[in-house]
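See structure below.
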There are 2 protein chains.
Amino acid sequence: MARNSTDTKEKLLDAFEILLDEHGTSGATLDAVAAKAGVSKGGLLYHFGSKAELIKGSLERLSRLVDDDVESMKSAGDRLHLYYLETSAEVGTPLDRSLIAANCLSQENADAKNALRKTREAWFDVLNDHLGDPDMAMTIQLIGDGMYFNQNFGLSQDEALAHVKNVLARLGL
Amino acid sequence: MARNSTDTKEKLLDAFEILLDEHGTSGATLDAVAAKAGVSKGGLLYHFGSKAELIKGSLERLSRLVDDDVESMKSAGDRLHLYYLETSAEVGTPLDRSLIAANCLSQENADAKNALRKTREAWFDVLNDHLGDPDMAMTIQLIGDGMYFNQNFGLSQDEALAHVKNVLARLGL
DNA sequence: GTCTATATTGCGATAGAC
DNA sequence: GTCTATCGCAATATAGAC
């Protein structure tokens with residue numbers, strides 16, 4: 001049993017995002033989310049009064065995770081662009097899970113589309129500040145998008161990352 | 001009024017894919033597909049006996065469009081990799097529409113996931129045969145995936161393509 | 001704060017007329 | 001080959017007990 005409201009809300013958001021990732025929008029019903037979080041549907045609706053609020057809660061948490069990630073990138077120093085690509089290939093982190101969930105939602109939700117657009121802009125700015133080269137910043141971001149996109153249908157990105165690093169080496173990166 | 005069964009089936013697949021692209025899986029109901037194609041729900045279900053068959057029909061058509069596209073790529077000669085990236089940035093073609101639809105479906109449909117995986121394998125093989133360089137083939141494919149991914153939330157890919165071409169020029173491509 | 005029960009709507013699918 | 005009418009079910013949301 002959750003000790004306070006915040007814990008239960010986090011558990012509900014976790015369940016919502018996992019169900020989105022694994023079964024898509026149609027699998028993330030209020031019944032399924034409540035069951036996965038270990039509460040009843042009435043319990044869920046006490047914390048998030050409607051499905052729209054659940055979506056809003058997920059996108060707000062994504063925004064916080066992205067802010068944290070941007071700070072982590074800045075801490076990577078010279079390896080910033082490599083850190084970006086390595087984390088693009090990562091699976092199963094809270095940020096990754098939230099991003100996949102937002103991508104699912106973006107199919108039919110304008111707020112989710114906007115959240116993803118803003119996320120990309122934040123990452124591009126950091127990459128571009130670091131590299132001082134919009135051509136390379138855009139190219140690296142697209143490669144990261146590509147690796148992220150491919151997770152969707154279960155392709156391992158370790159091999160992809162190795163290929164990309166060979167190409168970056170030819171470019172002096 | 002359609003002159004034959006084939007025309008009506010194509011119109012239904014068009015309507016299905018347009019609704020998937022514009023409103024996601026939850027927007028592509030049988031009622032909505034039938035209405036957009038200008039027939040009744042009963043009329044739709046005469047041609048496709050269930051939603052599963054409608055999905056199957058869409059994925060089969062995608063497979064044919066991909067086969068055609070692979071032939072077009074091979075006809076592009078030395079520019080094959082550039083042709084690939086330029087068409088990755090394209091919006092509104094029958095192939096593009098079918099791909100976006102399959103991506104929507106892949107969220108909750110294993111067949112759609114497999115169709116997209118097979119599509120990527122076919123494109124990688126063509127790129128790799130042409131370039132004779134798995135590192136570059138994979139990198140270019142990821143960039144194409146990235147541009148495709150970004151269409152989803154309404155970003156123009158013309159600028160992205162220009163940046164990428166500048167980087168490819170540094171690599172002698 | 002969490003529960004059960006229920007109202008309401010909308011979807012996929014069937015039946016049968018034309 | 002296309003239609004209308006309808007059944008059964010699942011999903012969101014509400015009401016009210018504990």
Side-chain angles (χ1 to χ4, degrees), chain A residues 1-59 101 104-112, chain B residues 1-61 101 104-112:
Chain A
M1 175 139 25
R3 272 163 311 190
N4 58 49
S5 170
T6 306
D7 284 356
T8 305
K9 287 183 88 165
E10 288 295 310
K11 268 179 33 180
L12 285 164
L13 290 177
D14 290 346
F16 182 48
E17 292 178 1
I18 290 169
L19 285 166
L20 282 172
D21 296 358
E22 291 178 352
H23 303 108
T25 43
S26 77
T29 65
L30 296 186
D31 269 304
V33 172
K36 193 164 195 83
V39 298
S40 69
K41 185 156 56 172
L44 185 163
L45 286 163
Y46 170 79
H47 293 285
F48 297 97
S50 68
K51 192 159 195 180
E53 280 188 42
L54 193 59
I55 291 170
K56 201 173 136 216
S58 174
L59 295 177
C104 276
L105 294 170
S106 73
Q107 201 182 88
E108 50 199 78
N109 183 291
D111 289 339
Chain B
M1 174 140 26
R3 271 164 310 191
N4 59 48
S5 171
T6 306
D7 285 357
T8 305
K9 288 183 89 164
E10 289 295 309
K11 268 178 36 178
L12 286 164
L13 291 177
D14 289 346
F16 182 49
E17 293 179 359
I18 290 169
L19 285 165
L20 282 171
D21 296 357
E22 292 178 352
H23 302 107
T25 43
S26 76
T29 65
L30 296 186
D31 270 304
V33 171
K36 193 165 194 81
V39 298
S40 67
K41 184 156 58 171
L44 185 165
L45 286 163
Y46 170 80
H47 293 286
F48 297 98
S50 67
K51 192 159 194 178
E53 280 188 42
L54 193 60
I55 291 170
K56 200 173 138 219
S58 174
L59 295 178
E60 283 169 359
R61 191 167 74 166
C104 277
L105 293 171
S106 73
Q107 199 182 87
E108 49 198 79
N109 182 290
D111 289 338

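Quick caveat, the model's predicted, so the values are computed rather than measured. Here is the naming used below: chain letters follow the sequence lines, and residue numbers restart at 1 for every chain.
The separation between A:Glu108 atom CD and C:dC11 atom C1' is 14 Å, rounded to whole Å. Nucleotide C:dG1 holds its C1' atom 14 Å from the CZ atom of A:Phe48, rounded to whole Å. The distance from atom OH of B:Tyr46 to atom P of D:dT4 is 18 Å, rounded to the nearest whole Å. Spacing between atom CG of B:Leu54 and atom C1' of C:dA13 amounts to 14 Å, rounded to whole angstrom units. Residue A:Leu12 contributes atom CG, which lies 10 Å from atom P of C:dC3 at whole-angstrom precision.
For the side chain to side chain donor-acceptor pair (under 3.5 Å) test, residues two or more places apart in sequence or in another chain that qualify with A:Asp14 are A:Arg61, A:Arg97. Under the side chain to side chain donor-acceptor pair (under 3.5 Å) criterion, B:Asp111 pairs with no residue at all, not counting sequence neighbours. A search for side chain to side chain donor-acceptor pair (under 3.5 Å) contacts involving A:Gln107 returns B:Thr25, not counting sequence neighbours. Applying the side chain to side chain donor-acceptor pair (under 3.5 Å) test to A:Ser40 and every residue at least two apart in sequence or in another chain returns nothing.
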For residues 28-38 of chain A, dump all side-chain donor-acceptor pairs below 3.5 Å to protein atoms at least two apart in sequence or in another chain.
from: A:Thr29; atom 1: OG1; to: A:Ala32; atom 2: N; distance (Å): 3.1
from: A:Asp31; atom 1: OD2; to: A:Lys41; atom 2: NZ; distance (Å): 3.2

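With rounding to the nearest 0.5 Å, the separation of CG in B:Asp21 from CZ in B:Phe16 is 10.0 Å. The structure places CG of B:Leu59 at 6.5 Å from CG of B:Asn109, a figure rounded to the nearest 0.5 Å.
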Which nucleotides of nucleotides 12-18 of chain D have their base under 4.0 Å from a protein heavy atom (B), which only their sugar-phosphate (S), and which neither (-), written as one string 5' to 3'?
BBB----

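An OP1 or OP2 oxygen of D:dA11 is reached within less than 4.0 angstrom by no side-chain nitrogen or oxygen of A:Ser26. When the side-chain nitrogen and oxygen atoms of B:Thr8 are compared with OP1 and OP2 of D:dT2, one or more of them lie within a distance under 4.0 Å.
Counting only residues at least two apart or in different chains, salt bridge (Lys or Arg N to Asp or Glu O under 4.0 Å) contacts with residues 43-57 of chain A are absent.
Against DNA chain D, the stretch residues 14-25 of chain B makes no heavy-atom approach under 4.0 Å.
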